[in-house]
Amino acid sequence: MTIAAVSVEPGQPDVDPDDPAWTRNPPSPEQRRADVLGAVVLFVGAVLSVVLGRTAGMYDEPASGAVSLAWLAAATLPLACRRRWPSFVLVVVAGAFVGAVTMQVPETLFLNIVLFTALYTVGAWERTRRRALLVRALVVTGMLGWLVVSLFQATTDPDVLEHFDNVGAFSPLVAYMLIQMLTNLLYFSGAWWFGDHAWSAARDRARMRRRTRELQAERARVEAQAVTIERLRLARELHDAVAHHVSVMGVQAAAARMLLPPGPGSERVAAALEQVEDSARDAIDELHGLVGTLRDDDQVHGLDEPVGSLAVTRLPELVAEVAGTGLTATYRVVGEPAPLPPVVSLNLYRIAQEALTNVRKHAGPDATADVRLRYLDDAVELEVADDGNGLRRTVLAGVGRTPAGGRASGGFGIVGMHERVAADGGVLTTGPRRAGGFVVRAHVPLRRPRESAPEATDV
């Protein structure tokens, strides 16, 4: 059977595929039409098979044509709704299968295909997994019990025993019974396994789609922040360089006008210098307005807070906010605090934010997070570590099966952390701790200011 991939439909909740409450989306209109067509094709094929079976003399006293059509319709046509109500369809198909065989409908090929498909569909599409397990277990147990009863009746039928008159440990009768049992065990276990495999494959596809969306969102956020950071850099350049030199030009023009000695043409020179002063003041006002526009447009690109306000000085608030959600979190500053470049400070804040989010999501509700900001001689280092206790308790309780020290996430948040640290020329280290848990450590070098940088010369 081929199960088409199901895309996320509007209105469907975006449940994490790693959540035990995850379920497949309902079948699409195309899949429902395919089910109807498949049920009709199987019914037509079963009718043709009945004609061939009656001609071949499958039973000495086969069921009449009307009875055969009724049982075949009851067995095949419910498959038109197999992906919408898989458990109900399986119960109906299994009952029709038993009834058709009991009434000696001369057809077995398509009936076996229909029962296999119904059993497979429960494993692949039943949204309530407990119900899928229970319904399949009941149907398989009932079918195997019915098979045992049928074999017992066959062994006590004198007409059947005439064909198995040999004796021995592996007489024809014993061999026949073993073949029937083995065939049915393979038949039911195959339908069970393929159904569960289809469900797992659908979950993997949903997980891949979610990880792709997370990666795209992370990249879009990083790109948007890069644009905003570049705007801030331009604003600083305009303020620190251009505005400074223009201000100096205005001051020098005013000083020159005041020190201008009286004499022929001095009034014209004073008027020109005064015009330079006015032009400098106008240029400063325009530059301040432009810098204000660059700095104040902080909500562009979908940022939640002004970028300039997100810095390592906000880490205590971030840790307190995380602790308010129930996670135990501590914050420490090691070394003598020093001013950091705004971009570095912003990136360290975002890295701590993402790392704490991962702790809350993957380390378990009982984990303890430790955030440390170290000021070194020529670098700054941020470390976010968890002890993994919440994860170990969850695994021991049987809730999850994530290996200790691992992470169930696809790691796209860590990709964003690497990009941020690399932009600052630093190194990001992530991985499990020896004592248990997970650690994220960002090491960013700090460039010392040049001591003898030449000043700009006004021309």
Side-chain angles (χ1 to χ4, degrees), residues 218 221-222 225 229 305 307 309-394 402-448:
E218 176 67 19
R221 187 161 66 94
V222 171
Q225 290 176 351
I229 291 172
E305 298 183 70
V307 174
S309 67
L310 298 180
V312 293
T313 55
R314 301 279 301 272
L315 286 179
E317 301 177 20
L318 177 63
V319 174
E321 179 182 353
V322 172
T325 63
L327 182 71
T328 303
T330 59
Y331 174 68
R332 301 179 187 177
V333 177
V334 180
E336 186 67 24
L340 301 177
V343 175
V344 174
S345 187
L346 168 65
N347 285 337
L348 290 178
Y349 178 90
R350 288 298 192 188
I351 291 172
Q353 187 179 45
E354 178 67 24
L356 288 174
T357 300
N358 289 341
V359 171
R360 187 169 61 250
K361 182 178 180 182
H362 301 297
D366 299 329
T368 299
D370 183 21
V371 181
R372 299 187 183 185
L373 183 64
R374 300 187 184 93
Y375 290 93
L376 307 178
D377 292 338
D378 56 352
V380 61
E381 191 172 86
L382 173 70
E383 179 180 292
V384 180
D386 66 83
D387 56 7
N389 286 338
L391 180 63
R392 285 195 291 268
R393 294 192 185 101
T394 302
T402 304
R407 286 292 187 266
S409 172
F412 297 125
I414 295 180
V415 173
M417 297 182 200
H418 277 287
E419 293 174 350
R420 289 182 182 278
V421 176
D424 295 328
V427 177
L428 181 73
T429 304
T430 61
R433 304 169 61 193
R434 292 183 178 179
F438 200 81
V439 62
V440 174
R441 185 180 298 110
H443 182 92
V444 179
L446 298 178
R447 300 180 179 86
R448 294 181 177 273

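We count residues from 1, following the sequence as given.
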Test log, rule side chain to side chain contact (heavy atoms under 4.5 Å, CB included), inputs Y375 and L373: CA-CA 7 Å; Y375 290 93; L373 183 64; 3.4 Å; yes
- request: Please name the residue in the list L376, D377, V380, D378 that meets the side-chain contact (heavy atoms from CB on, under 4.5 Å) test with L446.
  value: V380
message: Would V427 and V444 count as a side chain to side chain contact (heavy atoms under 4.5 Å, CB included) here? Give the steps.
response: CA-CA 7 Å; V427 177; V444 179; over 6 Å; no
Atom of D387, atom of A367 and distance for their closest heavy-atom approach: OD1-CA, 3.6 Å
- prompt: Looking only at heavy atoms, which two atoms of L327 and V359 are closest? And how far apart?
  reply: CD2-CG1, 3.8 Å
field: D386 side, atom CG; T328 side, atom OG1 - distance, nearest 0.5 Å
entry: 11.5 Å
task: Sequence neighbours left out, what passes side chain to side chain donor-acceptor pair (under 3.5 Å) with T330? Give chain and number order.
output: D370
message: Using the rule given for side chain to side chain contact (heavy atoms under 4.5 Å, CB included), can you reason through L348 versus L340, listing the C-alpha separation, both sets of side-chain angles and the distance that settles it, and then say yes or no?
response: CA-CA 10 Å; L348 290 178; L340 301 177; 4.2 Å; yes
R441 side, atom CZ; I351 side, atom CD1 - distance, nearest 0.5 Å: 13.0 Å
message: In the structure I gave you, are the side-chain heavy atoms of L382 and V440 within less than 4.5 Å of one another anywhere?
response: no
- line: Nearest heavy-atom contact between P316 and Y331 is CG-CE2, 3.6 Å
- line: Closest non-hydrogen atoms of V439 and R433, given as atom of the first, atom of the second and distance, are CB-CG, 3.8 Å
query: If you look at every heavy atom in A311 and S345, which pair is closest and at what distance?
result: CB-OG, 2.9 Å
Counterpart residues, side chain to side chain donor-acceptor pair (under 3.5 Å), relative to E317 (two or more places apart): R314
statement: CZ (R372) and CD (E383) are apart, to the nearest 0.5 Å, by 6.0 Å
Set of residues satisfying salt bridge (Lys or Arg N to Asp or Glu O under 4.0 Å) with respect to E381, sequence neighbours excluded: R374
- prompt: Step by step, would you call V384 with M417 a side chain to side chain contact (heavy atoms under 4.5 Å, CB included)?
  reply: CA-CA 12 Å; V384 180; M417 297 182 200; over 6 Å; no
query: Considering all heavy atoms of both residues, which atom of A379 and which atom of P445 are nearest to each other, and what is their separation?
result: CB-CA, 3.8 Å
